[in-house]
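Here's the structure, in structure tokens; my notes come after.
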Amino acid sequence: MEDMRKLNEGEVKHGQTVGGNDIWRKFRRQFSKLFDANEMARSNKEFVSFYVNDTDFEEQMKMFQETDVDEAKFCVGYTGIGKTTSIRYCLDLGINNQAKIDVERKRIVFPTFLDGYQAEDAKRIDLSKRIAAVCTAMEERHPELRRLLETFEGKKEFYDFISRHTGFILENVDPVDAMDMEEKQLLVKKLKEAYKQNPFEYQANRMKFYIMKKNANYEQLFILLDDIESLPEDCQREIVAKYLKLYECMKNTDYPEDKNYNIKLLISVRPYTYRLFHSNRQIETFPISEPVILKRKAVDLDQLFKNRFDYYIKQEEQVAGNVETWEQCYQEVQKMNAAFGGKYKDMIINLCFFSTRAALSSYAKVFANRFWVQKNKMKEDKFSIIPTDYSFNNISVIRALGCNEESMYWNEENSVIPNIFYTTSEEDLSVQSILLLKYFERKRNNEYYGINSETIFDIKRELSVVFSTDDVAKFYRCIELLFECKVLRKSIYDIDDLKNLDKKESLSDDSMLYISPRGTELYEMFKRDSVLLEMLREDVWRDYSGWNYIGKTSNELMQERKRIVYGFA
């Protein structure tokens, strides 16, 4: 008789909330600042101090800015990878959200950051008012522009400018009423009605007019649209289309022919958002340059910790407090990052899909862990830090990430270490899962975001050369599992829909898949040692009746000293 079960089946979670190990308790204040996932610079000085350079991305942005042609591009990067921060740095915006009239660089930056907007806020995102704000910023930098429009001659020049570009917006005045108006009265009336009835066209013309009047001062208008994902999909499409329309409108002007001047539009999005737009008819009618600007590198956590540490020590004594305690705390972080030649740092950032916020949360989880990192030592009110009580090795770090404060692995929802083994009480496809990891890793070729991915149809066809039809079907079930736990991802050149986003129902033979940073890291973890295999073993179905399987968890075997703990202590 079969004895099919999982080691964690029927077990009860301890639900331990011990409040952190003793290292965390001692350095809580310091760790909380170093690992603060929501840390926001409060000044431009602080922004520069915290910023970690990304040479690859900065070079892409430099090339985009320095070309003398009009261009609209998408910038694509994983959630939390640092797109916004790097863009702010490249455009010298710092923490500012308003237009930057940069005479020194001969550039006007028109940024729109929608971070924090909710669905109900979508209707109040008025592009015409945002354009007006840029015009106001230009008036503040060049007061003579406002004084010009206070005169009739200036109004007439602006009126003629509109006539050459979008003359239709000047035709909102009743033609019979116009017969009884003097020239000046009629001109002002037409401008007022244009503003009321066609605010977008009016403000776009006003911005173009100002730039034309100051053409000796500026060589570029840089329009940025960022953080649109908080809005509903239909609102996203509408806003992107509006900014593309603005880009086209700003190109249609009459600057001097010998003037070196260009318009840039950058739309920063996550991979799935780019897939939603990739084959959208409303968007594809606009000329968008390829290739996209890719955020390929995660934030270097070593450098981030160093920047934060240096800043708090030198700039904020009221935050740093006891400098010696800060240095001890920082040394502990350096020790863990140095272990395995920096592998822990890379492992965490890869498992978190390059998200700085998620990686910092994972760091905090490891450093606060009592069960695995402090060997489940009894919590006492009074304590001393004894180095031998702690273990930052391959077992403790991986177990802290995958098990939290539990004695075994539960494959909890949204875990950074998902169970990639496909097993049920009737079927075990764990070997197929491992083979697929190796297959996709070999196909990766160090590319990013699946730019050259193959379709599922091609993958099935290649597998069918070696395996039977039934075996190929088993591999496909594993592909569905790996996709839903984000080990496999869709290429940015695939298509998507929000209804089935990240669900296996969104897959078809035309879907283009690649192995994610998380998938690549899991593959490397299997190659490095047996820790991941031992942990996942606790959440797979196995027949304990006919095989000589050990029915104990790794933690139980360690307590019995039948499992050797190795790695860096």
Side-chain angles (χ1 to χ4, degrees), residues 56 76-78 81 271-272 294-298 340-355 358-359 394 397-398 401-402 411 415-423 428-467 471-472 474-494 502 504 507 509 511-537 540:
D56 172 65
V76 180
Y78 294 118
I81 195 174
Y272 77 85
L294 292 177
K295 189 78 161 85
R296 291 183 276 234
K297 295 183 179 179
F340 282 71
K343 286 294 184 182
Y344 289 152
K345 174 189 69 175
D346 294 337
M347 178 183 74
I348 289 175
I349 201 72
N350 288 334
L351 290 174
C352 293
F353 270 90
F354 294 176
S355 169
N394 55 335
V397 173
I398 293 173
L401 290 171
N411 190 27
S415 172
V416 298
I417 304 181
N419 186 354
I420 60 97
F421 290 145
Y422 186 106
T423 65
D428 182 353
L429 302 181
S430 52
V431 173
Q432 285 85 342
S433 300
I434 289 289
L435 288 175
L436 281 173
L437 274 188
K438 187 170 186 177
Y439 173 87
F440 278 98
E441 178 61 21
R442 285 194 172 185
K443 291 282 187 179
R444 184 168 63 94
N445 295 324
N446 294 317
E447 67 176 26
Y448 295 85
Y449 299 99
I451 291 176
N452 298 308
S453 299
E454 294 180 346
T455 65
I456 289 180
F457 176 83
D458 290 331
I459 294 168
K460 287 179 177 178
R461 182 174 58 185
E462 191 167 351
L463 291 173
S464 66
V465 174
V466 180
F467 300 99
D471 285 332
V472 173
K474 292 177 181 178
F475 276 111
Y476 184 70
R477 290 200 291 278
C478 293
I479 285 175
E480 291 179 326
L481 169 73
L482 295 176
F483 178 73
E484 290 199 322
C485 64
K486 299 184 179 181
V487 167
L488 299 180
R489 294 283 82 196
K490 283 187 177 183
S491 164
I492 58 172
Y493 293 133
D494 206 329
D502 291 337
K504 63 183 181 182
L507 297 177
D509 278 355
S511 296
M512 304 164 63
L513 298 181
Y514 72 101
I515 190 167
S516 69
R518 174 179 291 172
T520 294
E521 186 59 40
L522 291 173
Y523 177 73
E524 292 298 324
M525 289 167 72
F526 278 122
K527 289 170 58 179
R528 283 196 292 269
D529 52 49
S530 65
V531 178
L532 178 60
L533 181 64
E534 293 176 24
M535 188 170 72
L536 299 188
R537 156 183 169 266
V540 299

Before giving the answer on side chain to side chain contact (heavy atoms under 4.5 Å, CB included), spell out for M347 and I398 the whole-Å C-alpha distance, their side-chain angles and the decisive distance to 0.1 Å. CA-CA 9 Å; M347 178 183 74; I398 293 173; 4.0 Å; yes

Can you check side chain to side chain donor-acceptor pair (under 3.5 Å) on T455 and D458, steps first, answer last? CA-CA 5 Å; T455 65; D458 290 331; 3.2 Å; yes

Trace of the salt bridge (charged side-chain N to carboxylate O under 4.0 Å, His left out) decision for R444 with E441: CA-CA 5 Å; R444 184 168 63 94; E441 178 61 21; 2.9 Å; yes

Residues E462, Y439; criterion side chain to side chain contact (heavy atoms under 4.5 Å, CB included); working and verdict: CA-CA 11 Å; E462 191 167 351; Y439 173 87; 3.0 Å; yes

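With S491 contributing its side chain and G450 its backbone, the two residues share a donor-acceptor pair below 3.5 Å. The closest donor-acceptor contact from the side chain of T520 to the backbone of P517 lies at 3.5 Å or more, if one exists at all. Checking side-chain atoms of S511 against main-chain N and O of I456 turns up no donor-acceptor pair under 3.5 Å. The backbone N or O of N452 sits nowhere less than 3.5 Å from a side-chain atom of Y493 that would complete a donor-acceptor pair. Side-chain atoms of N411 come within 3.5 Å of backbone N or O of N419 as a donor-acceptor pair.
Closest approach of L522 and L351 over heavy atoms only: CD2-CD2, 4.0 Å. S415 and L401 make their closest contact through OG-O, 4.4 Å (heavy atoms, listed as atom of the first residue, atom of the second, distance). Contact between Y514 and K490 at its shortest, heavy atoms only, is CE2-O, 3.2 Å. The two residues S516 and K486 make their nearest non-hydrogen contact at OG-O, 2.8 Å. Contact detail for D529 and V531: the closest heavy-atom pair is OD1-N, 3.1 Å. For V487 against P418, the heavy-atom pair with the smallest separation is CG2-CG, 4.4 Å.
Screening V466, V465, I459 for a side-chain contact (heavy atoms from CB on, under 4.5 Å) involving L463 leaves a single residue, I459. Remark: of the listed residues L482, L488, L436, L488 is the sole one forming a side-chain contact (heavy atoms from CB on, under 4.5 Å) with L513.
Ion pair R528/E521 flagged as a salt bridge, since at least one NZ, NE, NH1 or NH2 atom sits closer than 4.0 Å to an Asp/Glu carboxylate oxygen. Between K297 and D56 there is no salt bridge, since none of the side-chain N atoms of the basic residue sits less than 4.0 Å from a carboxylate O of the acidic one. The residues E524 and K527 are annotated as salt-bridged, a charged nitrogen and a carboxylate oxygen being separated by less than 4.0 angstrom. Taking a cutoff of 4.0 Å between a charged side-chain nitrogen and a carboxylate oxygen, D502 and R489 qualify as a salt bridge.
The ring-ring contact (aromatic ring centres under 6.0 Å, His included) search around Y523 returns none, not counting sequence neighbours. Applying the salt bridge (Lys or Arg N to Asp or Glu O under 4.0 Å) test to E454 and every residue at least two apart in sequence or in another chain returns K443. Contacts of F483 classified as ring-ring contact (aromatic ring centres under 6.0 Å, His included), with partners at least two apart in sequence or in another chain: none.
The CD1 atom of I420 sits 8.0 Å away from the OG atom of S430 when rounded to the nearest 0.5 Å. Going from atom CG of L294 over to atom OH of Y448 covers 9.5 Å, rounded to the nearest 0.5 Å. Separating the CE atom in M535 from the CD1 atom in I417 is a distance of 4.0 Å, to the nearest 0.5 Å. We find the CZ-CG distance between F421 and D428 to be 9.0 Å, quoted to the nearest 0.5 Å. Interatomic distance, C478 SG to Y422 OH, rounded to the nearest 0.5 Å: 7.5 Å. The CG atom of D471 sits 7.0 Å away from atom CD of Q432, with the distance rounded to the nearest 0.5 Å.
Within the 6.0 Å centre-distance limit, the rings of Y449 and Y78 are counted as a close aromatic pair.
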